[in-house]
Protein chains: 4
Amino acid sequence: MSTLKNHVQLIGNVGQDPQITNLESGKKVARFSLANNEFYKNEKGEKIQNTEWHTIVAWGKNAEIIEKYAGKGKEIGVAGKLKSRSYEDKDGVKRYVTEVEANEILLLGVKNGGSQ
Amino acid sequence: MSTLKNHVQLIGNVGQDPQITNLESGKKVARFSLANNEFYKNEKGEKIQNTEWHTIVAWGKNAEIIEKYAGKGKEIGVAGKLKSRSYEDKDGVKRYVTEVEANEILLLGVKNGGSQ
Amino acid sequence: MSTLKNHVQLIGNVGQDPQITNLESGKKVARFSLANNEFYKNEKGEKIQNTEWHTIVAWGKNAEIIEKYAGKGKEIGVAGKLKSRSYEDKDGVKRYVTEVEANEILLLGVKNGGSQ
Amino acid sequence: MSTLKNHVQLIGNVGQDPQITNLESGKKVARFSLANNEFYKNEKGEKIQNTEWHTIVAWGKNAEIIEKYAGKGKEIGVAGKLKSRSYEDKDGVKRYVTEVEANEILLLGVKNGGSQ
DNA sequence: TTTT
DNA sequence: TTTT
């Protein structure tokens, strides 16, 4: 789907080592959380942190880049599409999840840029 | 939060008339679904439609624009931030929702441009 | 080059019928101006228009879409890369031009969306 | 002007120390070149570098961030608008320039995140 | 759960 | 040069 119709871009830190799944086809899937951190001072001058968490899914070549280079704590950029899907949890409750499907990964804070 | 760290842009059609809430402060909130439609032909040459649904929240001035001009079916553009939050549903089940908080609304397919 | 490193998105009106060039390879190139219009009222309450013009270049399939559907005045969306190049004009003066190379075209104000 | 109608985002390296101008109003303006580097291997397996240069202009608070933190070689992110203007050079030749007017600056490759 |  |  067109970038003009559905486009997400995020820059943040990987929360935990990505979970990598090897599909039967030989393709990989990476799933991980990405944190957007924001810092500000409140009226008392105390430093406050606000963190927004996102769920990212990457397939194929992007999953491989994630597996090799984007461990816990790494700063990366992600561009992709916003997607939602539903599933039943173990208690039979219908759950909805919204994920960012990554089309591009950019490694940051890496000597030499880390562009893909 | 910076557009570089968290940015979403969508162009699509409003699913149902937006739900408008008038806060005690006098501020409005609009909440609605936006559809990204994609059409393609399958191997049999049949036209297939695939729709991705997004939940949009708009505050203040943007909520007013939505209320006035963005009824069911209207084509609009939305730019904003990706945000997640949790709540307990009526059965006490913890639910997570991910929404796009609109910073900008652009009315499309409108004679007269409709730019804000 | 990655969308994260170089990304431009524009929505506006085509200024003149695009200039289409047929390359020897059979490929097409479309070149045209796109207008971003902005309206505001000055301190006297007069309606003022400010227009920003952009030069767009589209290749191949996108050039064909432009040729067929994006004549003078049409409202379209463009996503692509920012590129600069230099050439010598007829008086031997070195000139620099900056263009948006379109990766995607979205036809707007068209019944049925006009998505590519 | 709306992000939906005119939006540019770049991540790259500052080419030279930015040129800072102090306006009579006390406001600062920063002007600098930003490089998008791309590396690939040609058919002989040699590493080739392709660089796209962009001209960035930042005003006020963003100019101050640039002056303090974004010296030659620094990796930064820029989000803003695409703008063109014309002027006469010293030989009376009319020149056109296209610049990215930065609305946001994000310092990258910096211990401590560098978010604004 | 990251990062500062 | 578009559009409103």
Side-chain angles (χ1 to χ4, degrees), chain A residues 10-19 30-41 46-56 66 69-78 99-100 107-110, chain B residues 1-2 4-6 69 84 86 96 106-116, chain C residues 10-19 30-41 46-56 66 69-78 99-100 107-110, chain D residues 1-2 4-6 69 84 86 96 106-116:
Chain A
L10 302 168
I11 293 178
N13 297 92
V14 176
Q16 290 288 323
D17 282 334
Q19 164 202 330
R31 184 179 303 269
F32 61 101
S33 291
L34 190 77
N36 273 152
N37 295 303
E38 204 172 24
F39 302 94
Y40 61 91
K41 284 188 180 139
E46 298 161 333
K47 194 175 180 182
I48 306 293
Q49 173 172 355
N50 182 36
T51 301
E52 188 72 42
W53 289 98
H54 310 285
T55 301
I56 317 293
I66 291 295
Y69 303 114
K72 178 176 174 175
K74 286 285 163 55
E75 184 182 25
I76 67 170
V78 170
E99 300 161 327
V100 175
L107 306 175
L108 300 168
V110 176
Chain B
M1 182 170 299
S2 156
L4 286 151
K5 293 170 71 177
N6 183 345
Y69 304 114
S84 296
S86 64
Y96 297 85
L106 185 64
L107 306 175
L108 300 167
V110 176
K111 256 299 151 262
N112 162 343
S115 62
Q116 281 62 46
Chain C
L10 301 168
I11 294 178
N13 298 90
V14 176
Q16 290 288 321
D17 282 335
Q19 162 201 331
R31 183 179 303 271
F32 61 101
S33 291
L34 191 77
N36 273 152
N37 295 302
E38 204 172 24
F39 302 93
Y40 60 92
K41 283 188 181 141
E46 299 161 333
K47 195 175 178 182
I48 304 293
Q49 173 171 357
N50 182 36
T51 301
E52 188 71 43
W53 287 98
H54 309 285
T55 301
I56 317 294
I66 291 296
Y69 303 112
K72 179 175 173 175
K74 285 285 164 50
E75 184 182 26
I76 67 170
V78 171
E99 300 162 327
V100 175
L107 306 175
L108 299 168
V110 176
Chain D
M1 182 169 299
S2 160
L4 287 151
K5 292 170 70 177
N6 183 344
Y69 303 114
S84 296
S86 64
Y96 297 86
L106 184 64
L107 305 175
L108 299 168
V110 176
K111 257 297 151 261
N112 162 341
S115 62
Q116 282 63 44

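Residue numbering restarts at 1 for every chain, and letters A, B, ... go by the order of the sequence lines.
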Under 3.5 Å, is there any donor-acceptor pair linking the side chain of N37(C) to the base of dT4(F)? no
Is the backbone N or O of K72(A) less than 3.5 Å from a side-chain atom of D17(A), with the two atoms forming a donor-acceptor pair by type? yes
Determine the minimum heavy-atom distance between I76(C) and A70(C), stating which atoms define it. CG2-CB, 4.1 Å
Find the distance Q49(C):CD to dT1(F):C1' and express it as a whole number of Å. 11 Å
Between K74(C) and Y69(C), is NZ or CZ placed under 6.0 angstrom from the six-membered ring centre and within 45° of the ring axis? no
Report yes or no: is there a donor-acceptor pair, N or O only, under 3.5 Å between the side chain of T51(A) and the base of dT2(E)? yes
Which pair of non-hydrogen atoms, one from N36(C) and one from M1(D), has the smallest distance, and what is that distance? CB-SD, 3.4 Å
Would you say the side chain of N13(C) and the base of dT3(F) hold a donor-acceptor pair, judged only by whether the two atoms sit under 3.5 Å apart? no
If I take atom CG in residue L108(D) and atom C1' in nucleotide dT4(E), what distance separates them, rounded to the nearest angstrom? 15 Å
N6(B) CG to dT2(E) C1', straight-line distance once rounded to whole Å: 15 Å
In whole Å, I'd like the distance from the CG atom of L34(A) to the P atom of dT2(E). 13 Å
Spacing between E38(A) atom CD and dT2(E) atom C1', to the nearest angstrom: 15 Å
Expressed in angstrom and rounded to an integer, what is the separation of W53(C) atom CH2 from dT2(F) atom P? 6 Å
Per F39(A) side chain, nearest of listed nucleotides dT4(E), dT1(F), dT1(E): dT4(E)
Spacing between R31(C) atom CZ and dT1(F) atom P, to the nearest angstrom: 19 Å
For N50(A) and dT1(E), give me the distance from atom CG to atom P, rounded to whole Å. 17 Å
